[in-house]
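Below, chains carry the letters A, B, ... as their sequence lines are ordered, and counting in each starts from 1. Just so it is clear, the model here is predicted, and its values are computed rather than measured.
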Amino acid sequence: MSMLRREFLKGTGLAAAGLVASPAILRHTALGQDAPILIGSLHDQSGPIAATGVPIVNSLILAVEEVNAAGGLLGRPLKLVHYDTQSNIQRYTQYAQQLALKDKVLVVHGGITSASREAIRPVFGRYKVPYFYNTLYEGGVCDRNTFNIGTTPAQTVEKLVPYAMSKWGKKAYIIAADYNYGQITAKWMTKYVRDNGGQILSTDFFPLDVTNFGPTISKIQAAKPDIILSALVGGNHTSFYRQWASAGMKSQIPIASTTFGLVNEHTTLDANESDGILAAYGYFEELEDAANKAYVTKLKQRFGADMPYIGEPAAGSYEGFMLWVEGVRKAGKTDREAVTAALESGLSIMGPTGKVVIDRPTHHAVRNAYLAEVRSKKFVVLETYEQQPPSDTAMVCDLVKNPGDNKQYVIEI
Amino acid sequence: MDLGIVLALDVLNGIASLVLLCMGLAIIFGMMKVINLAHGEFLMLGAYATVVSANAGVNIWIAMLVIAPLFVGIVGIVVERCLIRFLYGRLVDTMLATWGLSLLIVGLVTTVFGNTINGVPTPLGGFAIGQYRSSLYTLFLVAMALLLVGSVWAVLRYTRYGLIARATMQNPNMAAAMGLNPTRVYMVTFGIGAAITGLAGGLLAPVSGIVPTMGGAYIAKAFITVVGGGSAILAGTASASALFGTINQIAAFLTTPVFGEVILFISAIVLIRLLPQGISDRYFRRSL
């Protein structure tokens, strides 16, 4: 027994010595040529927004593995430094500081809700870490340190609203989530409805924890709109579609949405609760082209049953990541100024959504947009709009003329 | 006129949901003075029990009316045996312990079922009132709330267990001196409270998006209703639910859902200021 104890002590002693020495060893290799390039990721893996965050991180892991399998970047492997922000804005700022100051990552892909983006964008601006926001959003961010790869209202809402209006009628009722995304998207909806000669009967906002939509459903019936435009967000708001269908209203007033499907509403809800709902995004998992089929197959193989529906945020993050990689390749170094200049040179990649080009003046993406309808728990793509520019943000933002600009412009109605 | 009827239904629906939500919490709080911060998670477990068994092919009515309360009732008894029974009479400690428990349950459910939304379709369907439409399921919820209030009242008033429970609630030491075993009464009561919460979760499952964190959306309302109601389990819960349900629904209809919630919370603050002991201690002093 005493022999065993001695061996045990020796073993733990060695292990402890190894641990004490390890920072020195790590630091030594960090100076070497083959040290990994660190890429930051801030996405919610738990809490209400996790349903969107989980596929994004899976998609980023796949992207990193693909680049590494192809020999890495500038001869160095890539490594993802990921923090779960827990659907909590405070965690976002905390981990953003950590990524910038402690981990010293070269670029950060992150943020899901617009609230989280506005929390971390200034942090990366301050510490000069290039920042990619790859989720669809309400548009208007004008900041040379930030690249917004997701679609904006001019690419999606502008297509969705006239399509729904020509199909169903001119009187619309807007229901939206009560934070910056919903508020600003509702303004864009209002603008596009009016531009097309329509009328907004009412606009209602809902905090993210609202679950009882009974009074709203009565209010909508009293207003008698031709269409409902929905920008409801998250798990609690999914109950709107349920309660709407159970009141028998689904066959009476159709719904077009800028958010339906982002937390897998269409696979959760029953077919008779969701059939016929219209949505427009920069990406649908059901897209038929070969690049997308390969991307979807690889993700499903890599993550198996854990891989939920792949929406625009996941595909957009993959493309945002690949754009940065392409920028580094073109610049030949990882230096921030050099990579930004390379990205601003009209850089493009072919991604799962099609061709994606970085728009120099706005730091947004020129990309394809798609319009689809839910049929038996799947999206059926009805329309494709090739190479749509972010014309909403372009109206107010020109980083060529004002490279020092740094704010989010909000549309005035 | 038609709109008035639809609105009245909305109000009834709001009241019924609150009654279902709060009854389990009120029983546990009224009887044992345990503040169960895991109440929302019990509700979530009931909803998950319904979804899982309905997806496994069980009839939806059996899933929500039998399996959900049974499952959560058993969970409640296990929790009481392993955690709560060591903390009776320590109000703050029960809050801390049940809060920790709620985090644990959310974590466990997330690990098992993931973060995606689950759900079951709403049974029954709609019906028309003039030009307006409403859901039959709303009427069913109202009926269930009435049934629940009726049965809790009947049990407390007419059965031997009800007598024992009321005696233990009034004075546990005296009840023990009369030969009762308060530990057992507490265990059974906690189980019943949890089972009723599970039933509420099951009943709300078809009209909600079910995620592991859904409890958070309900818990604040449940607590203000129970506190606003005061110490009488039935009269308190029923009167506070009626008051807050009406205020919330009417305010949400007349203004927006945001102001609906704001007006609800303001009226709760005013109520607690005017009646610090709750509605029932002022108006229904001797009722159940």
field: Most contacts with chain B, counted as non-hydrogen pairs under 4.5 angstrom, among A/Thr268, A/Leu269, A/Asp270
entry: A/Thr268
field: CH2 (B/Trp99) with more than 12 external heavy atoms under 6.0 Å
entry: no
- prompt: Hey, does A/Gln243 have a side-chain heavy atom less than 4.5 Å from the side chain of B/Val207?
  reply: yes
- prompt: Which atoms of B/Pro123 come close to chain A, meaning under 4.5 Å heavy atom to heavy atom: side chain ones, backbone ones, both, or neither?
  reply: neither
- prompt: Which answer fits B/Val120, side chain, backbone, both or neither, if we ask what part of it has an atom under 4.5 Å from a heavy atom of chain A?
  reply: backbone
field: CZ (B/Phe259) with more than 12 external heavy atoms under 6.0 Å
entry: no
field: Side chain / backbone / both / neither for A/Gln45 at chain B, heavy atoms under 4.5 Å
entry: backbone
message: Once salt bridge (Lys or Arg N to Asp or Glu O under 4.0 Å) is applied, what residue pairs with a partner in residues 252-269 of chain B remain, sequence neighbours excluded?
response: B/Lys221-B/Glu261
message: Is B/Thr255 in contact with chain A via its backbone, its side chain, both, or neither, using a 4.5 Å heavy-atom distance?
response: backbone
query: Is B/Tyr218 close to A/Thr211 at the side-chain level, that is, under 4.5 Å between some pair of heavy atoms?
result: yes
field: Residues of residues 214-225 of chain A within contact distance of chain B, non-hydrogen under 4.5 Å
entry: A/Gly214, A/Pro215, A/Thr216, A/Ser218, A/Lys219, A/Gln221, A/Ala222, A/Lys224
- prompt: Measuring heavy-atom distances to chain A, does B/Thr213 have an atom under 4.5 Å in its side chain, in its backbone, in both, or in neither?
  reply: side chain
message: Non-hydrogen contacts under 4.5 angstrom with chain A: give the residues of residues 43-58 of chain B involved, or none if there are none.
response: none
field: Pairs touching residues 17-29 of chain B that satisfy salt bridge (Lys or Arg N to Asp or Glu O under 4.0 Å), sequence neighbours left out
entry: none
field: Side chains of A/Asn212 and B/Asn13 in contact at under 4.5 Å (non-hydrogen atoms)
entry: yes
message: More than 12 heavy atoms of other residues, nucleotides or ligands under 6.0 Å from NZ of A/Lys300: yes or no?
response: yes
query: Using a cut-off of under 4.5 Å for heavy-atom pairs, which of A/Ser239, A/Gly248, A/Pro308, A/Ala247 has the most such pairs with chain B?
result: A/Ala247
